[in-house]
Trainee: 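Below is one structure. I have some questions about it.
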Amino acid sequence: MTDKLRVRILQVLIGVVLLAVWEFGSRIPGMAKFPLFDPFVVSSPIQVAQALQRLFFQENFGKHVLLTLAATGAALAVGIALGFVMAFVSFNTPLIRRLTEPFLQFFNTMPRVVIAPYLLMAFGTGFMPRVLMATSFIFFLVYFNVLYGLSRMQPAHRRQVRVLSGGRLDELFTLQIPIGFAWMIRAFPHAVAYGFVGTVFQEFVGGDSGVGSVMIYGLNALNSATVMATVVTLSFLGWALFWLGSRVGEAFAPWRRELGV
Amino acid sequence: MKKTPSPKLPVLPLQLLIILLVGLYWQYGLVDTHLFSRPSLIEPRLVELWNGAVGLPPLWRQVAETLGATIAGLAAGILLGFLLGVVFAEFPLLRDASAPYLNAINAVPRVAWVPVLTMVFGFGLLTKVIMSGLIVFLVVFFNVLDAATHAPPLLLRNVVVLGGGRWASMRDVRMWAGLGALLASLPSAVALALVGVVFAESLAAESGLGALMFNAMHTGDARDLMISATLLALIGVVMTGSVQFLQRLLAARLPPDIAGDRHD
């Protein structure tokens, strides 16, 4: 038996055991008193499957999924554009860079969740606060990655542009932007993942739509099947988005490998 | 050539000026006081909260509770993540067989664990510690696993040549490779530990800074909101800063041939 086959068999076995414990755990004598095995608390695979079916076919769950993805997408567009441009402004004007550095560092290190209540109070429960929350994650990720990449640019390359009588604009377009773009692409899968988390968090704190709001709705109704169904959905979406982000990264900046980014 | 930034740029006074101007504008300017309050309104409330306003535990106890949960979660997550990371690196079958499940858990947005954990462990301290422990565990585990798996093969072969078993290879090689990765992931682990606690407190926890913040959000109390949000931000920045300091201090003491220079 090859190693690969053995791993596959083990994977399937683990899955079966986990599902079986989840489904039948409460029927093992003495286990029912632990909340971790209580079907009222953790639901069961069959109930979750039924809940998913009900959510998608009767309760318009697809719309919530699309709204969450749309907010993530909008935040990606805004956050990446903003972070990218700001990184170039900072890199090329040392005064602005040094002036803003401690402030940006502070906002980057502070737990971002503290702005959630402000977004809710200022913009309500709609689409906008989610986009802003996710943007706040993406902006800093892109900004610091691109800035770091630019600051590692080789002086020899910059001299080469001068030697070929290129000005600052030539340097920007032939050197800085390709390098910055490669570093942005490197951060892209993480930006997607963080944007998704930011969106879901804001929906969770106070949203009138989106997967996060469905989760809270299920919790308030003490419907553990709904909660677990949203967790499963979110897990799948998070995985799919990260995978997609990585693929995009490989496709869009083929000169990354040359730069060693 | 572009000039390198001269150290004589008057940056620090300008920064202080910016802070001062923002503060003055906050106090006297056109600010939405229902959202941001004003320093003169916050100061008496801060004193009141510190000593314990009606129906609330004193602020210092709330700070202590959030901080305590953060540190407990951090310690548990680091310990478990490091140990399992090293062990999983040594046993490829274990690693490969559990990979899809671990990846699935890692793909769940962290905040989605809050309702599940709250239903299982209730509204108390335990949920907060487990929540932040889980987040820290995932970060540390995957980083340590990656580094310990890719420990220098030459050193691993040396262990075998010298007659060492799995235990020796974990203790003498993989552990040190993992330690370098652990050190590199410490700042994000600390930040996430705090975020985990606040996540858990966001959902009807009884006390703690996060609970104070989200209760203020629901009642629309701008003063409590500003106080708790600022305290949380400061705690996060100070903790991350001190860990980065510790990181620089310790990084120099690790064996560079195994632990490597991982600062990405």
Trainee: Sort out for me which of Ala222(B), Ser98(B), Gly236(B), Ala112(B) touches chain A most, counting heavy-atom pairs under 4.5 Å.
Mentor: Ala112(B)
Trainee: Measure the shortest side-chain to side-chain distance between Pro109(B) and Phe204(A) over non-hydrogen atoms and say whether it is less than 4.5 angstrom.
Mentor: no
Trainee: Just wondering, are more than 12 heavy atoms of other shown residues or ligands nearer than 6.0 Å to CZ in Arg247(A)?
Mentor: yes
Trainee: Is the backbone of Arg98(A) close enough, under 3.5 Å, to the side chain of Gln15(B) for a donor and an acceptor to pair up by distance?
Mentor: yes
Trainee: Against chain B, label Leu219(A) side chain, backbone, both or neither, depending on which of its atoms sit under 4.5 Å from a heavy atom there.
Mentor: side chain
Trainee: Count the heavy-atom pairs under 4.5 Å between each of Trp239(A), Phe201(A), Phe40(A), Phe107(A) and chain B, then report the option with the highest count.
Mentor: Phe201(A)
Trainee: Where does Ser224(A) contact chain B at under 4.5 Å (heavy atoms): side chain, backbone, both or neither?
Mentor: both
Trainee: Taking side chain as everything from C-beta outward and backbone as N, CA, C, O, which of these in Val198(B) sits under 4.5 Å from a heavy atom of chain A? Side chain, backbone, both or neither.
Mentor: side chain
Trainee: Check whether Val227(A) gets within reach of chain B through its side chain, its backbone, both or neither, counting any heavy atom under 4.5 Å.
Mentor: side chain
Trainee: Under the side chain to side chain contact (heavy atoms under 4.5 Å, CB included) criterion, do Asp96(B) and Lys4(A) qualify, and how do the steps go?
Mentor: CA-CA 9 Å; Asp96(B) 296 341; Lys4(A) 212 165 181 179; over 6 Å; no
Trainee: If I take atom CG from residue Leu234(B) and atom CZ from residue Phe106(A), how far apart are they, to the nearest 0.5 angstrom?
Mentor: 5.0 Å
Trainee: Please check if the number of heavy atoms outside Tyr217(A) that lie under 6.0 Å from its OH is greater than 12.
Mentor: no
Trainee: Taking CZ in Phe137(A) as the centre, count heavy atoms belonging to other residues, nucleotides or ligands within less than 6.0 Å. Is the count above 12?
Mentor: yes
Trainee: Rounded to the nearest 0.5 Å, what separates atom CG in Leu194(B) from atom CE in Met110(A)?
Mentor: 11.5 Å
Trainee: Side chain, backbone, both or neither: which part of Met226(B) has a heavy atom under 4.5 Å from chain A?
Mentor: both
Trainee: With a 4.5 angstrom heavy-atom cut-off, could you sort out which part of Leu222(A) is near chain B: side chain, backbone, both or neither?
Mentor: neither
Trainee: For Leu225(B), is it the side chain, the backbone, both or neither that has a heavy atom under 4.5 Å from a heavy atom of chain A?
Mentor: both
Trainee: Grab the two heavy atoms, one from Ala104(B) and one from Ser235(A), that are nearest each other, plus how far apart they are.
Mentor: O-OG, 3.0 Å
Trainee: Kindly say whether the aromatic ring centers of Phe36(B) and Tyr118(A) come within a distance under 6.0 Å.
Mentor: yes
Trainee: Between chain A and each of Leu192(B), Leu93(B), Ile105(B), count heavy-atom pairs under 4.5 Å; write down the option with the most.
Mentor: Leu93(B)
Trainee: Non-hydrogen atoms of chain B under 4.5 Å away: do they reach the side chain of Met215(A), the backbone, both or neither?
Mentor: side chain
Trainee: For Leu99(A) and Val11(B), which heavy atoms make the closest approach, and how far apart are they?
Mentor: CD1-O, 3.9 Å
Trainee: Relative to chain A, which of Met213(B), His34(B), Met239(B), Arg110(B) shows the most heavy atom pairs under 4.5 Å?
Mentor: Met213(B)
Trainee: Which answer fits Leu234(A), side chain, backbone, both or neither, if we ask what part of it has an atom under 4.5 Å from a heavy atom of chain B?
Mentor: both
Trainee: Nearest 0.5 Å, please: how far is CE in Met119(B) from CG in Asn223(A)?
Mentor: 8.5 Å
Trainee: Quick one: do Val205(A) and Met217(B) satisfy side chain to side chain contact (heavy atoms under 4.5 Å, CB included)? Show the steps, please.
Mentor: CA-CA 10 Å; Val205(A) 166; Met217(B) 177 184 85; 3.6 Å; yes
Trainee: Under 4.5 Å heavy-atom distance to chain B, tell me which part of Val42(A) shows up: side chain, backbone, both or neither.
Mentor: side chain
Trainee: Among the options Val114(A), Leu10(A), Val197(A), pick out the one with the most heavy-atom pairs lying under 4.5 Å from chain B.
Mentor: Val114(A)
Trainee: Given that the side chain runs from C-beta out, which part of Ile216(A) has a heavy atom under 4.5 Å from chain B: side chain, backbone, both or neither?
Mentor: side chain
Trainee: Which bit of Leu209(B) comes within less than 4.5 Å of chain A, counting heavy atoms only: side chain, backbone, both or neither?
Mentor: neither
Trainee: Given heavy-atom pairs under 4.5 angstrom as the criterion, report whether the side chain, backbone, both or neither of Phe242(A) touches chain B.
Mentor: neither
Trainee: Given heavy-atom pairs under 4.5 angstrom as the criterion, report whether the side chain, backbone, both or neither of Val114(B) touches chain A.
Mentor: side chain
Trainee: Would you check, one step at a time, whether the test side chain to side chain contact (heavy atoms under 4.5 Å, CB included) holds for Leu232(B) with Val113(A)?
Mentor: CA-CA 9 Å; Leu232(B) 279 172; Val113(A) 295; 5.6 Å; no
